[in-house]
Amino acid sequence: HTHTHTGKKVNKNRNRVNWFTFFFFLPPLLQENQERFIVHGRQIHAARSGVQLAQQGMQRLGVSMLAQQNCALLQLRVHGALQRAAHSPQGHQPWATEVLEQLQVQLQRQQLQAREHRKIQHTSFQFPLRSGLSMMFLVCLLAVSSLVLASDLMPLHILDAAEARERGAFCLDGTPPGIYFKRGNATSDCEDRWVLYFKGGGWCYDEDACAGRAYTELGSSKYFPKEFGFSGLLDNSDAVSPVACYNHVIFFYCDGASFAGDRSDPVSWPDPKHKGQNMTLYFRGRRNLDFMLDTLIKAPYNMDKASEILLAGGSAGGLATFLHTDYVGEYVKKHVPGLKKYRSAPISGFFLMHENSSSQPGYVGEMKYVYNMQNCSGGVNQNCRAALPQDQQWQCIFANFSYTYTATPMFPMQSGLDAWSLANIWGGNTHCADSSFRDCTTGDIDTFNAWLDSFVADISRPTKHTKPGEGGFIESCHEHCGAQGPDFDKYTINNVAMHNAFAAWWHSDGTQPAMWSMPCHLQHSTPHQCNPSC
């Protein structure tokens with residue numbers, strides 16, 4: 001099942017304006033498609049989910065622009081996605097992810113025009129979607145939840161192709177990796193301070209899924225947008241982000257395994273766009289990360305002169321932050337002689353190693369396959385691997401294991417009732433959660449609280465959790481990647497907003513007791529949500 005979460009409503013008037021802003025610019029990017037596409041069942045759910053959200057907004061505005069609503073015939077027309085979708089074979093449709101990601105970039109620019117000319121605020125729209133074993137992890141790519149100002153969009157830097165070939169550092173399709181970069185504000189004394197940010201985008205759980213992903217920006221730099229950016233932690237406003245003025249780098253994600261794979265031999269696999277032909281797949285995420293780091297310490301970036309570095313990332317990029325924090329830390333301490341502070345802040349990357357609602361391994365088994373398929377043994381926390389028998393080392397691809405063995409101070413930020421995790425790891429009936437739990441029964445609330453208890457137990461169990469210099473902000477909102485979007489300064493626990501809790505931790509000297517803000521339990525009485533800021 002696919003679930004749509006339409007964000008939080010601040011007040012009635014603002015909600016009306018938000019819908020107007022969003023849907024005033026959405027119609028040019030939507031058109032009715034008169035050709036039937038044969039789409040994998042779960043992927044058509046993904047398309048339908050976005051369309052249903054559009055329909056709801058149109059209904060609120062009294063607009064009948066989608067009068068003949070046939071979700072299977074609605075095409076999201078962005079940057080040539082139609083042409084690529086038209087060639088997708090039955091049962092393998094990577095276009096859904098690509099379209100929504102590119103729609104995000106278009107809406108970023110167009111929403112900004114509205115905000116500049118109309119002084120309109122925006123809200124958060126989230127699409128926790130999954131498409132079978134070839135699931136394209138959309139929720140941190142949120143079609144509109146990462147709306148940013150034009151000045152927040154960062155230009156693309158494709159890394160040198162010749163050096164990429166020499167290193168064997170490739171996206172899934174063999175194209176060179178890339179980063180997005182914004183120079184720090186020299187007038188604010190920030191030019192020697194850095195945020196390195198892993199972009200999310202899920203995982204390809206098998207070779208078929210990786211082959212389809214290779215025809216999207218999640219697997220090929222040929223499709224990377226020329227500009228990209230996030231709000232939240234990477235916002236350019238000091239009022240929103242404590243690290244707004246820093247140098248911002250986004251490690252754009254195109255390997256399918258959270259920058260952890262390093263399989264030397266390329267994989268020949270049936271090409272989903274060319275029947276009867278094979279394509280070559282590369283599982284080289286760790287090499288991509290090494291190439292990015294080696295690039296940044298040289299001119300014109302000059303990260304070797306940094307005094308402070310924060311490593312962060314959202315969703316699959318949040319998991320990458322858990323996996324690589326100590327590795328990147330060792331690198332920068334070696335190559336950045338003036339470094340005074342290095343810490344990390346994963347966003348919505350603590351995915352539970354939890355069976356699904358049918359008591360099956362589900363996601364756990366899928367991630368184990370990813371670990372072996374991409375040879376992630378060298379791309380996870382090595383202290384974790386050393387502590388486990390060889391046949392259990394695959395578990396180090398999970399955040400709870402990597403977190404346990406990470407020495408660097410960390411500040412995870414996410415929901416204990418993460419929208420994507422509930423829909424795709426647990427996978428049970430979560431429809432009532434879409435109303436911020438208002439429509440849930442007492443039994444539903446007990447189920448969600450049990451999940452929350454599992455989350456809290458997992459993240460609290462390691463001794464690391466209580467060590468000086470540690471911390472985190474775990475709320476009970478039904479969201480995913482809130483710290484990556486406009487809710488970074490909205491969610492509160494005990495009257496402390498998430499961005500302020502992060503700022504207090506980041507600016508501390510690292511000797512203070514662990515600074516944790518932990519979630520409340522959902523209530524049996526309506527409206528159930530125990531946190532009014534959700």
Side-chain angles (χ1 to χ4, degrees), residues 167-169 196 198 200 202-206 210 251 253 255-265 267 282-294 311-313 315-335 342-346 349-355 361-410 412 425 455 457-465 467 470 472:
R167 291 170 170 265
L196 307 180
F198 290 109
W203 311 274
C204 46
Y205 294 122
D206 58 22
C210 293
F251 295 150
Y253 176 42
D255 63 272
S258 291
F259 295 84
D262 190 9
R263 180 168 173 173
S264 296
D265 56 310
V267 175
Y282 297 86
F283 299 139
R284 306 285 177 78
R286 172 51 73 85
R287 299 190 199 188
N288 292 349
L289 175 57
D290 289 341
F291 191 9
M292 292 170 177
L293 292 172
D294 286 345
L311 184 69
S315 198
L319 177 60
T321 309
F322 281 107
L323 299 181
H324 306 304
T325 285
D326 278 355
Y327 179 78
V328 174
E330 292 171 2
Y331 179 94
V332 297
K333 289 171 185 175
K334 178 180 179 181
H335 292 88
Y342 172 74
R343 301 176 187 175
S344 75
F350 199 92
F351 300 98
L352 295 189
M353 192 176 175
H354 199 289
E355 64 185 15
Y363 173 76
V364 177
E366 291 168 343
M367 291 303 289
K368 180 179 181 180
Y369 190 87
V370 170
Y371 179 91
N372 292 316
M373 173 182 69
Q374 293 223 15
N375 183 31
C376 296
S377 57
V380 296
N381 186 287
Q382 295 304 294
N383 289 332
C384 176
R385 285 188 65 217
L388 297 178
Q390 186 172 359
D391 63 349
Q392 297 178 28
Q393 291 176 2
W394 62 269
Q395 296 174 109
C396 296
I397 202 170
F398 284 88
N400 58 330
F401 276 85
S402 286
Y403 175 72
T404 298
Y405 295 98
T406 297
T408 305
M410 304 182 81
I425 299 178
F455 183 98
D458 267 6
I459 204 167
S460 302
R461 186 175 296 112
T463 57
K464 176 181 177 64
H465 180 85
K467 286 183 177 180
E470 302 294 337

Does the [X] side chain pair with the main chain of [Y], one donor and one acceptor, at a distance under 3.5 Å?
{"X": "H465", "Y": "I459", "answer": "yes"}
{"X": "R263", "Y": "M373", "answer": "yes"}
{"X": "E470", "Y": "M410", "answer": "yes"}
{"X": "S258", "Y": "L319", "answer": "no"}
{"X": "Q374", "Y": "N372", "answer": "no"}

Heavy-atom closest pair, residues [X] and [Y]:
{"X": "T325", "Y": "S344", "value": "OG1-OG, 3.0 Å"}
{"X": "T404", "Y": "P462", "value": "OG1-CG, 3.3 Å"}
{"X": "Y342", "Y": "P409", "value": "O-CD, 4.4 Å"}
{"X": "G256", "Y": "V370", "value": "O-CG1, 4.5 Å"}
{"X": "L323", "Y": "A260", "value": "CD1-CB, 4.1 Å"}
{"X": "A407", "Y": "D326", "value": "N-OD2, 2.8 Å"}

Measure the [atom1]-[atom2] distance between [X] and [Y] for me, rounded to the nearest 0.5 Å.
{"X": "I397", "Y": "M367", "atom1": "CD1", "atom2": "CE", "answer": "4.0 Å"}
{"X": "F398", "Y": "D458", "atom1": "CZ", "atom2": "CG", "answer": "11.0 Å"}
{"X": "E355", "Y": "I425", "atom1": "CD", "atom2": "CD1", "answer": "12.5 Å"}
{"X": "C376", "Y": "W394", "atom1": "SG", "atom2": "CH2", "answer": "13.0 Å"}
{"X": "E366", "Y": "C204", "atom1": "CD", "atom2": "SG", "answer": "11.5 Å"}
{"X": "N288", "Y": "R167", "atom1": "CG", "atom2": "CZ", "answer": "10.0 Å"}

Within the structure provided, determine whether [X] and [Y] are in side-chain contact (heavy-atom separation under 4.5 Å).
{"X": "N400", "Y": "Q395", "answer": "no"}
{"X": "P412", "Y": "F322", "answer": "yes"}
{"X": "C396", "Y": "Y405", "answer": "no"}
{"X": "L293", "Y": "L196", "answer": "yes"}
{"X": "K464", "Y": "T406", "answer": "yes"}

**Verdict with supporting geometry, R287 and D262, salt bridge (charged side-chain N to carboxylate O under 4.0 Å, His left out)** = CA-CA 7 Å; R287 299 190 199 188; D262 190 9; 2.7 Å; yes
**Prompt:** Can you check side chain to side chain contact (heavy atoms under 4.5 Å, CB included) on K368 and V364, steps first, answer last?
**Reply:** CA-CA 6 Å; K368 180 179 181 180; V364 177; 5.8 Å; no
**Qualifying residue, where the test is ring pair (Phe, Tyr, Trp, His ring centres under 6.0 Å) with W203 and the options are Y253, Y371, Y369, F351** =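 Among Y253, Y371, Y369, F351, the one that satisfies the ring pair (Phe, Tyr, Trp, His ring centres under 6.0 Å) with W203 is F351.
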**Side-chain donor-acceptor pair present, Y282, D255, cut-off under 3.5 Å** = no
**Prompt:** Does a donor on one side chain and an acceptor on the other come within less than 3.5 Å for Q393 and R385?
**Reply:** yes
**Prompt:** Relative to each other, are the rings of F259 and F198 parallel, tilted or perpendicular (30° and 60° limits)?
**Reply:** tilted
**Message:** side-chain hydrogen bond (donor to acceptor under 3.5 Å, both in side chains), that's the test. Do D294 and Y331 meet it? Break it down for me.
**Reply:** CA-CA 9 Å; D294 286 345; Y331 179 94; 2.5 Å; yes
**Asked** Residues two or more places apart in sequence or in another chain: which of them pass side chain to side chain contact (heavy atoms under 4.5 Å, CB included) with Y327?
**Response**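 By the side chain to side chain contact (heavy atoms under 4.5 Å, CB included) rule, Y327 matches R286, L289, D290.
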